[in-house]
Amino acid sequence: MQKLFLIKYGELNTKKANIGLFLKTLQKNIMNELQDITCDITFDKGRMYIKTAENNFELVKEKLSKIFGIHEIAIGYELENNSFELLTDNLIQLLQEKDFKTFKINTKRSDKNYFLTSPEINQKLGGVVLKNIHDVKVDVNNPEIIINVEIRKTNAYIYFETIKGLGGYPTSTLGKGLLMLSGGIDSPVAGFLAMKRGVKLECIYFDSPPHTSIEAKNKVITLANIIGQYQGHIKVHVIPFTKIQETIYKEVPNEYMITIMRRMMYRISEKLAHKNHCKIIVNGESIGQVASQTLDSMSVINEVVKIPVIRPVACFDKLEIIALAKKINTYETSILPYQDCCTIFVPEHPVIYPTLDKCIEYEQHFDYESLINEALKNEVIIKDQIKNDYSDYL
Ligand code: ATP
Ligand code: MG
């Protein structure tokens, strides 16, 4: 009997023709995450098995809980074969070390030629447990322990403990996206949700020194590194935005400043996305949250790009976004009080219902194309310190 992790894929099993791609990517991601730990990783239909030394279990568990594509992680035992005698002997041995009064047995049988059906195994094993362990009884509704048994072609497995995985699709299966990452609460959460759908992210940050501080930039890099843990590593493209913002401040009527600024951000993001083979832009816009996120604002801003813009938190309210930010550990960093470029140039009365005609008219006041090209030319790329590299299968 050997202790091990059983990895369940959940939703991935619904992929028919493409399942191979999803599983291959998941396997690579897991191997990458565990590359510094001696592990033996094997696969069969619907399951992945990871064996490692007992003292690595906690670390491996923690790493597995941050990998997208894993639906559930079970910690259990593999038996050398699936004979019923071996199963009962090992089960009793394991149960003797446990303290419980009520139990339930849950059997899954992928070997359909096995001489007992799943309900028969539940019943027979239940009888063996009642006979060998004193003072216990079956409780199917609220048992103290659930004894999970899996009968596979060549082996059987027993496990009591399961942990919920992150779910979603393995990082990279859907290709790359560019996340507009500010230092706020919304965009890291939006990034996490896009990653969960298998999108590998790079980040773009618009930096406006000296109007924004080095701390504001560091905060964005910290946030990128926090969400980067879910995909192995992450790259941040820092775009100098000062000149564009100052020009807008001079040339554009106050109430349209934010609208025009965001149109510039979108234009730059699209160009950078194309250059880096990102198929979508992801951002943290949420319908109605601020003047630039009314439907009118979003449509005149979106109008400057062709690339799809995905807004994972578009329909979340702020409390829902905060709850998720706390869960993924970005909240405490996001609320640090460093202003970013949007908060510094906020006019008193930003337009709520901007029109496209006005945007086009105001943009004729300055040569934005060359400002955009100059900003892109001066981008600074920051790669995180996390070593994993997935580039070989992008
Ligand atoms: P967040 O939305 O991240 O909490 P915020 O609400 O202050 O920050 P908004 O002004 O609402 O930001 O901007 C909406 C979205 O635009 C952000 O979620 C982010 O995706 C993008 N964005 C804003 N400012 C920047 C920036 N300086 N660099 C990159 N992206 C930005
Ligand atoms: Mg926001």
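Quick caveat: nothing in here was measured; it's all calculated off a predicted structure. In listed order, ligands and their atoms are each counted from 1. The figures that follow rest on heavy atoms only: side chains count, while hydrogens, waters and symmetry mates do not.
- When each of Leu179, Thr171, Leu178, Ile280 is tested with Leu201 by the rule side chain to side chain contact (heavy atoms under 4.5 Å, CB included), just one qualifies, namely Leu179.
- Here the NZ-CD distance, from Lys318 to Gln289, works out to 4.0 Å after rounding to the nearest 0.5 Å.
- Using a 4.0 Å cut-off to heavy atoms of Ile185, the atoms of ligand 1 that qualify are 1 (P), 3 (O), 4 (O).
- From Ile92, atom CD1 reaches atom CG of Leu87 across 9.5 Å, with rounding to the nearest 0.5 Å.
- Distance alone, capped at 3.5 Å, is enough to place a donor-acceptor pair between the His365 side chain and the Glu251 backbone.
- Centroid-to-centroid, the aromatic rings of Tyr49 and Phe5 stay 6.0 Å apart or farther.
- Below 3.5 Å of separation, one finds an N or O of Asp186 facing an N or O of ligand 1.
- The backbone of Ile204, and not its side chain, has at least one atom closer than 4.0 Å to an atom of ligand 1 (non-hydrogen atoms only; backbone = N, CA, C, O).
- At least one N/O-N/O distance between Gly284 and ligand 1 falls below 3.5 Å.
- Ligand 1 has no nitrogen or oxygen under 3.5 angstrom from a nitrogen or oxygen of Pro188.
- Residue Arg262 places at least one N or O, backbone or side chain, under 3.5 Å from an N or O of ligand 1.
- If you run side chain to side chain contact (heavy atoms under 4.5 Å, CB included) between Ile307 and each of Lys279, Lys271, Glu270, only Glu270 comes through.
- Between Met180 and ligand 1, a contact under 3.5 Å exists for at least one N or O pair.
- Polar contact check, Phe206 against ligand 1: a nitrogen or oxygen pair lies under 3.5 Å apart.
- With respect to the salt-bridge test (charged N to carboxylate O, under 4.0 angstrom), the residues Glu374 and Lys377 do not qualify.
- With respect to Arg311, the side chain to side chain contact (heavy atoms under 4.5 Å, CB included) criterion is satisfied by exactly one of Asn302, Leu193, Ile287: Asn302.
- Residue contacts with ligand 1 for Leu181 involve N, CA, C or O but no side-chain atom from C-beta outward (heavy atoms, distance under 4.0 Å).
- Nearest-residue assignment for atom 9 (P) of ligand 1 (options Lys318, His237, Gln293; heavy-atom criterion): Gln293.
- Side chain of Thr242 to backbone of Pro209: a donor-acceptor contact under 3.5 angstrom is found.
- Of all the atoms in ligand 1, the ones that sit under 4.0 Å from a non-hydrogen atom of Tyr205 are 27 (N), 28 (N), 29 (C).
- Per-residue contacts place Asn283 under 4.0 angstrom from the following atoms of ligand 1 (heavy atoms of the residue considered): 20 (O).
- When each atom of ligand 1 is checked for a heavy atom of Gln289 under 4.0 Å away, the hits are 6 (O), 11 (O).
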